[in-house]
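Everything numeric in this text was worked out from a predicted model, so none of it was measured. When a residue number appears, it is its place in the shown sequence, counting from 1.
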Amino acid sequence: SPKNPEQKIIKRVIALEGDIIRTMGHKNRYVKVPRGHIWVEGDHHGHSFDSNSFGPVSLGLLHAHATHILWPPERWQKLESVLPPERILVKSEEE
């Protein structure tokens, strides 16, 4: 958490440094992710404390990469590294 680095939160990485993202509720409609930062979002748009609330996150706060959901047992699954279709980048640094 950018507000409390001792607190661990799990968010989806939506954009990397240099990418331009169309935001979902941030004060700026479009954001170019600065060097050394990522843009993260939760799965519950409008109800998630994420980059739309606090802006780009320093890569220094990135702790791990989630690969599976283990709890509750009925949700056990491997996580796929794909963007939701509604979160396609405006412009990628690689383009």
task: May I have the step-by-step check of side chain to side chain contact (heavy atoms under 4.5 Å, CB included) for V57 and L62, ending in yes or no?
output: CA-CA 8 Å; V57 176; L62 186 62; over 6 Å; no
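Between I14 and I21, the closest side-chain pair of non-hydrogen atoms falls below 4.5 Å. Looking at E17 and I38, their side chains never come closer than 4.5 Å, going by heavy atoms from C-beta outward. Side-chain contact check for E41 versus K11: every heavy-atom pair is 4.5 Å or farther apart. Two residues are said to be in side-chain contact when any heavy atoms from C-beta on lie closer than 4.5 Å; V31 and W39 meet this criterion.
S51 contributes a side-chain N or O that, together with a main-chain N or O of V40, makes up a donor-acceptor pair within less than 3.5 Å.
Side chains of W76 and E74: no donor on one and acceptor on the other come within 3.5 Å.
Once rounded to the nearest 0.5 Å, the distance linking CZ of R35 with OG of S58 reads 13.5 Å. Interatomic distance, K3 NZ to S53 OG, rounded to the nearest 0.5 Å: 8.5 Å. Separating the NZ atom in K32 from the CG atom in D19 is a distance of 9.5 Å, to the nearest 0.5 Å. For the atom pair H63 NE2 and S1 OG, the distance stands at 14.0 Å (nearest 0.5 Å). Note that CZ of F49 is 7.0 Å distant from CD1 of I9, once rounded to the nearest 0.5 Å. Atoms OG1 and CG, from T23 and N28 in turn, are 7.0 Å apart once rounded to the nearest 0.5 Å.
Considering every non-hydrogen atom in both I69 and R75, the closest pair reads CD1-NH2, 3.3 Å. A pairwise comparison of heavy atoms in P2 and L61 identifies CA-CD1, 3.8 Å as the closest pair.
Counting heavy atoms of neighbouring residues, nucleotides and ligands inside a 6.0 Å radius, atom CD1 of I10 does not exceed 12 of them.
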